**Student:** 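Below you'll find the structure I mean.
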Protein chains: 2
Amino acid sequence: MMVLITYDVDTTTPEGRRRLRKVAKECVNYGQRVQKSVFECLLDPAQYADLKHRLNKMIDLNTDSLRFYLLGSNWKKRVEHIGTNESYDPEGVLLV
Amino acid sequence: MMVLITYDVDTTTPEGRRRLRKVAKECVNYGQRVQKSVFECLLDPAQYADLKHRLNKMIDLNTDSLRFYLLGSNWKKRVEHIGTNESYDPEGVLLV
């Protein structure tokens, strides 16, 4: 199933940027980074539970938040994108 | 229909922060801000087209991106949240 994961973190601090890097590293194992802190991950139920558990331990629960949206089967038809490229790459190289 | 809007913008610049404020102001007319740059908006098709058009003019298409996810009818059952409070308020007061 496709799970959209959005991560709210303060990236003005080195600790926040470090947490974002860690969360991104986990998420891209299962999908792609479509914005700086938005990930589309293809997961089975066991992977989903496992990923949530690991992310939960990485973030600062007092300042950060994670949201998980289970997208329906036709999710690709129901996404629109405006602006700069759809695949986010912090190194500035287009991911294909 | 419920539309999830995610906005990727560089908030280290005053211009980026200004654009985020403008986008947020538009989006909260139709729903709530659940993270710093994530909005859940209840829109009919005409409102959706109109909002997209207005947001498109607000953002910097070369650096920013907007993604729109049309969530299904049972979307509330398919959202999970971890971490700090679910309603984001830049002034730090809990929205209810």
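Note that the structure is predicted; figures quoted are calculated from it, not measured. Just so it is clear, the values below take in all heavy atoms, side chains as well, and ignore hydrogens, waters and symmetry mates. In what follows, chains are A, B, ... by sequence order, proteins preceding strands, each numbered from 1.
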**Student:** Working to the nearest 0.5 angstrom, can you tell me the gap between B/Ile82 CD1 and A/Met58 CE?
**Tutor:** 11.5 Å

**Student:** Side chain, backbone, both or neither: which part of A/Leu66 has a non-hydrogen atom closer than 4.5 Å to chain B?
**Tutor:** both

**Student:** Between B/Asp8 (side chain only) and A/Gln35 (backbone N and O only), is there a donor and an acceptor less than 3.5 Å apart?
**Tutor:** no

**Student:** Among all residues two or more places apart in sequence or in another chain, which pass the salt bridge (Lys or Arg N to Asp or Glu O under 4.0 Å) test with A/Asp60?
**Tutor:** none

**Student:** Just how far is it from atom CG of B/Leu70 to atom CH2 of A/Trp75, taken to the nearest 0.5 Å?
**Tutor:** 13.5 Å

**Student:** Among A/Asn74, A/Val38, A/Asp64, which residue has the highest count of heavy-atom pairs closer than 4.5 Å to chain B?
**Tutor:** A/Asp64

**Student:** Going by residue number, which parts of residues 46-56 of chain A are within reach of chain B, meaning a heavy-atom gap below 4.5 Å?
**Tutor:** A/Tyr48, A/Lys52, A/Asn56

**Student:** Is it possible for you to say whether B/Phe39 and B/Leu43 belong to one hydrophobic cluster, with membership spreading through side-chain heavy-atom contacts below 4.5 Å?
**Tutor:** yes

**Student:** Measure the CG-OH distance between A/Leu4 and B/Tyr69 for me, rounded to the nearest 0.5 Å.
**Tutor:** 4.5 Å

**Student:** To the nearest 0.5 Å, what is the distance between CG (B/Asn85) and CG (A/Asn62)?
**Tutor:** 11.0 Å

**Student:** Who in residues 12-21 of chain A is close to chain B, using a strict under-4.5 Å heavy-atom cut-off?
**Tutor:** none

**Student:** Closest approach of B/Thr63 and A/Thr84, non-hydrogen atoms and distance?
**Tutor:** O-CG2, 3.5 Å

**Student:** Honestly curious: do A/Val34 and B/Ile59 fall in one hydrophobic cluster under the side-chain, below-4.5 Å linking rule?
**Tutor:** no

**Student:** Hydrophobic clusters here meaning ILVMFWY residues chained together by side-chain heavy-atom distances under 4.5 Å, can you tell me if B/Val3 and B/Tyr7 are in one?
**Tutor:** yes

**Student:** Are A/Phe68 and A/Met2 joined in one hydrophobic group, where the rule is that I, L, V, M, F, W and Y side chains link up if heavy atoms are under 4.5 Å apart?
**Tutor:** no

**Student:** Can you measure from CD (A/Glu40) to CZ (B/Arg67) and round to the nearest 0.5 angstrom?
**Tutor:** 4.5 Å

**Student:** Transitively linked via ILVMFWY side-chain contacts under 4.5 Å: B/Val23 with B/Leu42?
**Tutor:** no

